[in-house]
Amino acid sequence: MAPRSIWKGAISFGLVTIPVKLFTATEEKDISFRQVHPADEGRIKYKRVCDTCGNEIPYAEIGKGYEMPDGRMVILESEDFDHLPLATTKSVEVVQFVPADQVDPTYFDKTYFLQADGPGAKPYVLLRDALIKSGQAAIVKVAIRSREQLAMIRPVDGVLRMHTMLWPDEVRNGEFAEPPAEVTVSDSEVEMAQSFIDALAGDFEPEAHSDAYRIALEEVIESKLSGMPAAETEEDEGPGEAEVVDLVAALRASVEAAKKRREAASAKDSEDDDEADDSEETTKASAKKPASKKAPAKKAATKKAASKKTASKKAASRAKAS
């Protein structure tokens with residue numbers, strides 16, 4: 001079933017206009033729960049109650065209010081939003097082209113697929129191919145659900161993806177998390193850390209990773225439905241309290257453990273390949289064996305019949321001689 005577009009508009013690429021549809025590119029697979037009354041499985045519902053008059057307020061009568069730092073409340077009507085200067089309501093305005101690796105992923109919010117709409121296929125391909133050849137990404141402004149956002153458009157696997165971004169004042173200053181300047185490490189410790197990085201280095205393969213917690217939780221839910229006890233898993237005691245350790249020794253042990261894991265994984269892969277080859281050879285051999293077995297059996301039967309004929313001839317000649 002094809003996904004539904006959540007927005008339609010056009011990319012303004014200089015004097016070129018590209019009609020596009022917007023599709024959500026990601027979805028969360030987390031397991032969500034409902035608040036229920038365990039005694040009768042009834043769902044818990046909440047009422048919208050005004051804390052001043054105590055009355056339940058229908059959704060249609062709920063307004064939007066902005067509370068000032070001094071406690072004053074400003075009530076905004078729907079008309080207040082209608083006349084805001086939001087020029088990018090139905091257009092994606094390209095404001096700059098930048099190298100994609102210059103954009104800190106911290107700014108990324110959500111990812112969307114852009115699909116050419118109607119006659120937009122050719123200019124869509126033009127923008128995609130131009131971005132690929134130039135190695136650039138487009139920084140754009142777009143309004144989704146009445147909110148203007150900064151975004152980046154880049155080509156991935158033949159499709160233009162748009163990553164909505166946070167504004168600069170929405171990203172907090174992380175200087176407070178930086179370790180003290182007097183804390184330093186030696187060159188040998190850095191080299192050993194690099195050895196550990198090299199031992200685990202490789203290409204990123206998303207399919208190689210899975211959410212063990214969600215899988216285990218799904219098994220618990222299935223066991224509840226079936227009435228069968230769920231398989232017990234070993235509890236991870238965690239790292240415990242931090243200890244002062246020899247970093248070089250700890251990293252050396254980590255490198256050795258990583259190498260062993262890689263060797264075990266490669267050995268398992270080669271075993272699986274050997275088993276697959278053996279299975280293929282067995283299949284080929286079993287396909288040939290019936291024909292090769294029948295021939296000797298037929299030959300043996302022919303020899304047996306011939307020996308019987310010879311014996312009967314000898315017996316007949318003896319009878320005549322007597």
Side-chain angles (χ1 to χ4, degrees), residues 1-13 16-35 59 62 64 78 81-82 84 86-132 136-172 203-215 217-218 221:
M1 187 175 178
R4 295 178 59 185
S5 64
I6 65 167
W7 182 92
K8 289 179 68 174
I11 300 175
S12 298
F13 176 40
V16 177
T17 300
I18 310 173
V20 291
K21 294 180 180 179
L22 197 67
F23 297 85
T24 305
T26 60
E27 60 178 336
E28 291 190 7
K29 293 288 188 176
D30 194 16
I31 295 176
S32 58
F33 296 96
R34 299 189 185 278
Q35 291 185 323
Y59 183 78
I62 297 176
K64 292 183 178 181
S78 59
F81 296 93
D82 294 338
L84 292 178
L86 201 59
T88 53
T89 302
K90 284 295 178 182
S91 67
V92 181
E93 180 191 357
V94 178
V95 295
Q96 190 182 15
F97 291 99
V98 300
D101 57 5
Q102 281 189 2
V103 181
D104 187 342
T106 305
Y107 284 94
F108 291 158
D109 184 19
K110 292 184 179 179
T111 301
Y112 299 91
F113 293 128
L114 286 168
Q115 180 190 46
D117 188 20
K122 186 174 180 64
Y124 182 101
V125 172
L126 172 64
L127 177 58
R128 182 197 66 189
D129 292 355
L131 290 175
I132 292 172
Q136 301 283 302
I139 300 299
V140 304
K141 280 187 176 182
V142 59
I144 303 174
R145 298 187 178 98
S146 301
R147 181 173 182 257
E148 187 176 60
Q149 290 186 272
L150 196 65
M152 184 180 81
I153 295 177
R154 67 189 182 102
V156 180
D157 297 332
V159 175
L160 291 177
R161 294 188 187 182
M162 185 172 76
H163 308 277
T164 53
M165 299 165 61
L166 302 173
W167 294 102
D169 59 355
E170 293 178 314
V171 178
R172 292 174 177 169
D203 295 328
F204 176 58
E205 298 176 357
E207 300 79 11
H209 308 280
S210 60
D211 186 350
Y213 177 82
R214 178 165 59 90
I215 294 170
L217 189 55
E218 288 173 347
I221 293 171

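Note that the structure is predicted; figures quoted are calculated from it, not measured. In this chain, residues are counted from 1 in sequence order.
When all heavy atoms of Thr17 and Ala10 are compared, the pair lying nearest together is CG2-CB, 3.6 Å. The two residues Ala138 and Phe97 come nearest to each other via the heavy atoms CB-CE2, 3.7 Å. Closest approach of Pro123 and Val16 over heavy atoms only: CB-CG1, 3.6 Å. Pairing each heavy atom of Phe108 with each of Val103, the nearest pair is CE2-CG1, 3.7 Å. Counting all heavy atoms, side chain and backbone alike, Pro155 lies closest to Arg128 at CB-CG, 3.9 Å. Minimum interatomic distance between Thr26 and Thr24 (heavy atoms only, all atoms of both residues): O-CG2, 3.2 Å.
Panel note: side chain Glu170, backbone Trp167; a donor-acceptor pair is recorded below 3.5 Å. A donor-acceptor contact shorter than 3.5 Å is absent between the side chain of Arg154 and the backbone of Ala100. Although no hydrogens or angles enter the test, the distance criterion places a donor-acceptor pair under 3.5 Å between the side chain of Tyr124 and the main chain of Leu160.
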Kindly determine whether Ile144 and Met162 satisfy side-chain contact (heavy atoms from CB on, under 4.5 Å), including the steps that lead there.
-> CA-CA 12 Å; Ile144 303 174; Met162 185 172 76; 4.0 Å; yes
Just do the side-chain contact (heavy atoms from CB on, under 4.5 Å) check on Ile31 and Ile221 with the steps written out, would you?
-> CA-CA 10 Å; Ile31 295 176; Ile221 293 171; 4.2 Å; yes
Tell me, with the steps shown, if Met165 and Asp109 meet side-chain contact (heavy atoms from CB on, under 4.5 Å).
-> CA-CA 5 Å; Met165 299 165 61; Asp109 184 19; 6.0 Å; no
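Distance CD1/Ile18 to CG/Asp117: 12.0 Å, rounded to 0.5 Å. The CE atom of Met152 sits 11.0 Å away from the CZ atom of Arg161 when rounded to the nearest 0.5 Å. Separation of atoms CD (Gln115) and NZ (Lys8) is listed at 10.0 Å; rounding is to 0.5 Å. Once rounded to the nearest 0.5 Å, the distance linking CG of Leu150 with CD of Glu148 reads 8.5 Å.
Within 6.0 Å of CG on Asp203 lie no more than 12 heavy atoms contributed by other residues, nucleotides or ligands. Counting heavy-atom neighbours within 6.0 Å of Phe33 CZ, excluding the residue itself, gives a total above 12.
In this structure, the side chains of Ile11 and Val140 stay at 4.5 Å or more apart for every pair of heavy atoms. Proximity of Lys21 to Trp7: side-chain heavy atoms (C-beta onward) are nowhere separated by under 4.5 Å. Side chains of Leu22 and Val92 form no contact here, defined as non-hydrogen atoms less than 4.5 Å apart.
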